[in-house]
Amino acid sequence: MTELSASVPVSTPQPGAAEYPGLDAWRDLPVVQQPTWQDSKVYESSLAELSALPPLVFAGEVDVLRGRLAEAAEGRAFLLQGGDCAETFEGATADKISARVRTILQMAVVLTYGASLPVIKMGRMAGQFAKPRSSNDETRDGVTLPAYRGDMVNGFDFTPETRGHDASRLVRAYHTSASTLNLIRAFTQGGFADLRLVHHWNKGFTANPAHSRYESLAREIDRAVRFMDACGADFEALKRVEFFASHEALVLDYERALTRIDSRTGLPYDTSGHFLWIGERTRQIDGAHVDFLSRVRNPIGVKLGPTSTADDALRLIDKLDPEREPGRLTFITRMGAGNIREKLPPLVEKVTASGAKVLWVTDPMHGNTVTSPNGYKTRNFDDVIDEVRGFFEVHKGLGTFPGGMHMEMTGDDVAECLGGADPIDQDAFLDRYESVCDPRLNHMQSLEMAFLVAGALSKRS
Ligand code: PEP
Ligand code: MN
């Protein structure tokens, strides 16, 4: 785990923010990966504005999600979490949002069939606007500027103006999240998620001759849908799906300002999203991120990379889930295809032996990032698949449940990851590489992933 030594001074508790004992304790702890805002007045007024705006999600929805994740931790549901590495303000268009939601729904249908289990659908969406970076700066042609830290902090264009840390972006991140969520809610409640429609979209995938090997599974799903129809299944009810929003809780001022006291329970919820995770670079046990998230009621994820020890995992459980509450804690492992079979077993074994019940999810993306010969940050589809396979093998060997997957994906026809049955090669990057951060599986690669994982899940059951 890389720790940036630079820790910026943080201000005193924000006037107007919801009060609850301990919510500002993080301000006295070491904190990494925070912006250094250029204008303190804009900073103060942006946080005051955020503190007064309505919550983006409701505490009751957050509780529903915790219950769903508890089911997954028990092996009775599977989590599918996916979306951009970094959402952008410009990318929050109806077309792009709907393509992403649609792809997640399409993947979920395939996985539901494969697992014979409910699939919890969750976007890395409506808040995924801040990025941890391994270096504070970026140098291009001898010019050094602050690194891009996500649209919530600065812009991607390589100019001094854009790369400065501008706190008014916090408010724009909120409004962009609100309109993204609004569209997601409309789609998933308004008929767009009709099972028959989603199934019909999947036919486009199998119509491609490159995907012929998935035909038999696709046919089985088709028969299952017809069977349901013949039995008089209530497809009206299946027009609505639950869809949850998640992001990395990185910029703590933003998360703090959106934390509200739930009127039903009197407890604090971070209403910036349903599910929040702590990244590989900010999971220090005595650090600010772990402290802050230990104090809100949302279900919490923690990324665990290849340097994680079983002791780290146990200490995170004690701090983040002292009550051992089902659904509260998810470990998202991102070991790399070459490491997973060796590094994951001791973690799962010791956590299981401790009696704690966490949800284990694979992130097969972040341990498999490479640079293509022509200089793009990329991932090989085969490595991604291999990490997922390793994750399933490890859990099978230990008798534990592989509870979900966390993907960087998009609904668009981009070229960012190499390979797949209808392969992307590096020449395609020149025209179709759009990510401002990590490479995502494109629409077809995402569906292929779902078909492959569905095959593995069905063998398991
Ligand atoms: C991410 O999810 O985009 C990310 C930065 O992951 P990690 O913290 O696992 O490196
Ligand atoms: Mn990423």
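Hydrogens, waters and symmetry mates play no part in the numbers below; they use all other heavy atoms, side chains included. Both counts, for ligands and for their atoms, begin at 1 and track the order of listing.
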Quiz item: Please state which protein non-hydrogen atom is closest to atom 8 (O) of ligand 1 and give its distance, to 0.1 Å?
Solution: E280 N, 2.8 Å

Quiz item: So which heavy atom in the protein is nearest atom 3 (O) of ligand 1, and how far is it from that ligand atom?
Solution: K131 NZ, 2.7 Å

Quiz prompt | More than 12 heavy atoms from other groups under 6.0 Å of CD on E138 | solution = yes

Exercise. Look at the rings of H211 and Y214 and say which category their plane angle falls in: under 30° parallel, 30 to 60° tilted, over 60° perpendicular.
Key: tilted

Self-check item: Main-chain N/O of R283 paired to H289 side chain as donor or acceptor, under 3.5 Å
Solution: no

Quiz item: Does the D151 side chain pair with the main chain of T88, one donor and one acceptor, at a distance under 3.5 Å?
Solution: no

Quiz item: Within less than 2.8 Å of the Mn ion (ligand 2), any N, O or S from C437?
Solution: no

Self-check item: Nearest option to atom 2 (O) of ligand 1, as decided by whichever heavy atom of R133, K303, R334 sits closest
Solution: K303

Self-check item: Candidate with minimal heavy-atom separation from atom 4 (C) of ligand 1, of M365, Q81, H366, R283
Solution: H366

Atoms of ligand 1, numbered as shown, that sit under 4.0 Å from any heavy atom of [X]:
X    : answer
R124 : 1 (C), 2 (O), 3 (O)
G279 : 8 (O)
E408 : 1 (C), 2 (O), 3 (O)
C85  : 3 (O)

Practice problem: Kindly confirm or rule out an N or O of Q128 lying under 3.5 angstrom from an N or O of ligand 1. | Solution: no

Self-check item: Nitrogen or oxygen atoms of E248 and ligand 1 under 3.5 Å apart
Solution: no

Quiz item: Could you walk me through whether D157 and T159 pass the side chain to side chain donor-acceptor pair (under 3.5 Å) check?
Solution: CA-CA 6 Å; D157 283 352; T159 66; 5.9 Å; no

Tell me which N, O or S atom from [X] is the closest to the Mn ion (ligand 2).
X    : value
D438 : OD2
E408 : OE2
H366 : NE2

Practice problem: Would you check if the distance from the ring center of F205 to the ring center of F451 is below 6.0 Å? | Solution: yes

Quiz item: Ring centres of F58 and Y269 under 6.0 Å apart?
Solution: no

Practice problem: Answer yes or no: is there a side-chain heavy-atom contact under 4.5 Å between S177 and F129? | Solution: yes

Self-check item: Pair W201-F192, ring-ring contact (aromatic ring centres under 6.0 Å, His included): steps then yes or no
Solution: CA-CA 11 Å; W201 296 331; F192 187 76; 5.2 Å; yes

